[in-house]
Chemist: 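Quick one: this structure, given as C-alpha cells, is what I'll be asking you about.
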Amino acid sequence: FVEEFVELCKENVMMGSINFKAIRHQLEKKIYEIVAMVQEDCNEGLIFTNVICAIFQSALGEAEARILRQNCCRLLKVSPYSEEAKFKLDNQKKFGKIECSCGLVQPIDVTLPKCINCEEEFRLEQLEYSLLEAINEQVGSYQDQDLYCSKCNLPQQKIFFQECTCGGEYKQTVSREKFISIIISIEKVARENEMKLLLETCEWLLNK
C-alpha cells in the first residue's frame, strides 16, 4: 500500500504537478479494496481502518476521516460507533530485552523473534533465557504494583484500607487478566519452540 502511494506521488511529480484530488481519490479506492479483501478477519480490517483514518484525519481533517471510517466499517459490516470498532492495538506482544549479535539491544517481539536491525533470528536458548527474565520482571511488577482509587485516581494511602477517603474502590494498575494474557503470549512462544523450562514456568504461573 505504501509503495503504491509513493509510486502514485512520483507519477504526479513527473507530470509536472501534483493533483491532490486525484491522489486522494485513488488512495480511497485502494483503501476500500484492501478493507474488502480482509472482510473475513474483521479485527485486522478494523486495525487497518483506524490506522489509515488517523493519518487521514491529521492530513484532511476530522470530517473527511469520519466519512472514510464509516464507509470502511460498512464494508466490514460493523457499526463505526460500536465498542468493537474502537481503535484497539495489542501492545502486549513485546517483553523484556534481548541483545542481538549486531549489538542492538531491543524489546522481544513474540510475534517476530528476530532482530529489527539486521533481521537475524535469535538463538532459541538466548530467547528462552531472555523471556524467563522478562517473566520475572512481570511477576515482580505485578506483585509490587501500587493500588489506585478508581474514582479520584490517587494512590492507596493505607495498606489495610479497601476504600479511598472519597468512597472509591482501590484497583490494580495492571489487572490479573492483563497479567495472565502476557503469560499466555509467552507460553505460546515456549510451546511452539519447545522451550521446556519456559513452558513449565508459564504453566506453573497459569495454574496458581
Chemist: Are Glu169 and Cys149 close enough that some pair of their side-chain heavy atoms sits under 4.5 Å apart?
Modeler: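 A side-chain contact is absent here, since even the closest heavy-atom pair is not under 4.5 Å.
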Chemist: Check this for me: does any side-chain nitrogen of one of Arg191 and Glu203 sit under 4.0 Å from a carboxylate oxygen of the other?
Modeler: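 Between Glu203 and Arg191 there is a salt bridge, with a charged N closer than 4.0 Å to a carboxylate O.
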Chemist: Which heavy atom in Lys196 sits nearest to a heavy atom in Glu128, and how many Å separate them?
Modeler: N-OE2, 3.7 Å
Chemist: Give me the atom names and distance for the closest heavy-atom approach of Ile182 to Gln138.
Modeler: CD1-OE1, 3.4 Å
Chemist: Rounded to the nearest 0.5 Å, what separates atom CZ in Arg123 from atom CD in Glu121?
Modeler: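 Result: 13.0 Å between the selected atoms.
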Chemist: Could you walk me through whether Ile184 and Lys188 satisfy the side chain to side chain contact (heavy atoms under 4.5 Å, CB included) test, starting with their C-alpha distance in whole Å, then the side-chain angles of each, then the deciding distance to 0.1 Å, before giving a yes or no?
Modeler: CA-CA 6 Å; Ile184 289 174; Lys188 183 180 179 183; 5.8 Å; no
Chemist: Between Tyr129 and Glu133, is any side-chain donor less than 3.5 angstrom from a side-chain acceptor?
Modeler: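 Glu133 and Tyr129 do have a side-chain donor-acceptor pair below 3.5 Å.
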Chemist: Taking all atoms of both residues into account, what is the closest heavy-atom pair of Gly96 and Glu137, and its distance?
Modeler: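 What the structure gives for the nearest pair is CA-OE1, 4.2 Å.
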Chemist: Who else is in the cluster with Ile116 when I, L, V, M, F, W and Y are joined by side-chain contacts under 4.5 Å?
Modeler: Leu104
Chemist: Does Trp204 share a hydrophobic cluster with Leu197, counting links as ILVMFWY side-chain heavy atoms below 4.5 Å and allowing steps through other members?
Modeler: yes
Chemist: Closest approach of Val189 and Asn193, non-hydrogen atoms and distance?
Modeler: O-ND2, 2.8 Å
Chemist: Between Gln126 (side chain) and Glu99 (backbone), is there a donor-acceptor pair under 3.5 Å?
Modeler: yes
Chemist: Going from CD1 on Ile108 to CD1 on Ile98, what distance comes out if it is rounded to the nearest 0.5 angstrom?
Modeler: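 Those atoms lie 5.0 Å apart.
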Chemist: Find the distance between CG (Asp109) and SG (Cys115) and round it off to the nearest 0.5 Å.
Modeler: 12.0 Å
Chemist: Side chains of Lys178 and Tyr142: closer than 4.5 Å at any heavy-atom pair?
Modeler: no
Chemist: If you measure from OG on Ser185 to CD1 on Ile180, what distance do you get to the nearest 0.5 Å?
Modeler: 11.0 Å
Chemist: Mind checking the CD1-CD1 spacing from Ile135 to Ile186? Nearest 0.5 Å is all I need.
Modeler: 4.5 Å
Chemist: Among Leu131, Leu124, Leu127, which one satisfies side-chain contact (heavy atoms from CB on, under 4.5 Å) with Leu198?
Modeler: Leu131
Chemist: Name all residues meeting the ring-ring contact (aromatic ring centres under 6.0 Å, His included) criterion together with Phe122; count only those two or more places apart in sequence or in a different chain, and write none if there are none.
Modeler: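 ring-ring contact (aromatic ring centres under 6.0 Å, His included) check on Phe122 returns nothing, list empty.
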Chemist: Would you say Lys171 and Leu147 make side-chain contact, with heavy atoms under 4.5 Å?
Modeler: no
Chemist: Do Cys102 and Glu120 pass the side chain to side chain contact (heavy atoms under 4.5 Å, CB included) test, and can you show the C-alpha distance, the side-chain angles, and the key distance before you say yes or no?
Modeler: CA-CA 9 Å; Cys102 71; Glu120 178 183 330; over 6 Å; no
Chemist: Dump the intermediate steps for side chain to side chain contact (heavy atoms under 4.5 Å, CB included) on Leu199 and Glu187, then the final yes or no.
Modeler: CA-CA 6 Å; Leu199 182 59; Glu187 181 198 29; 3.7 Å; yes
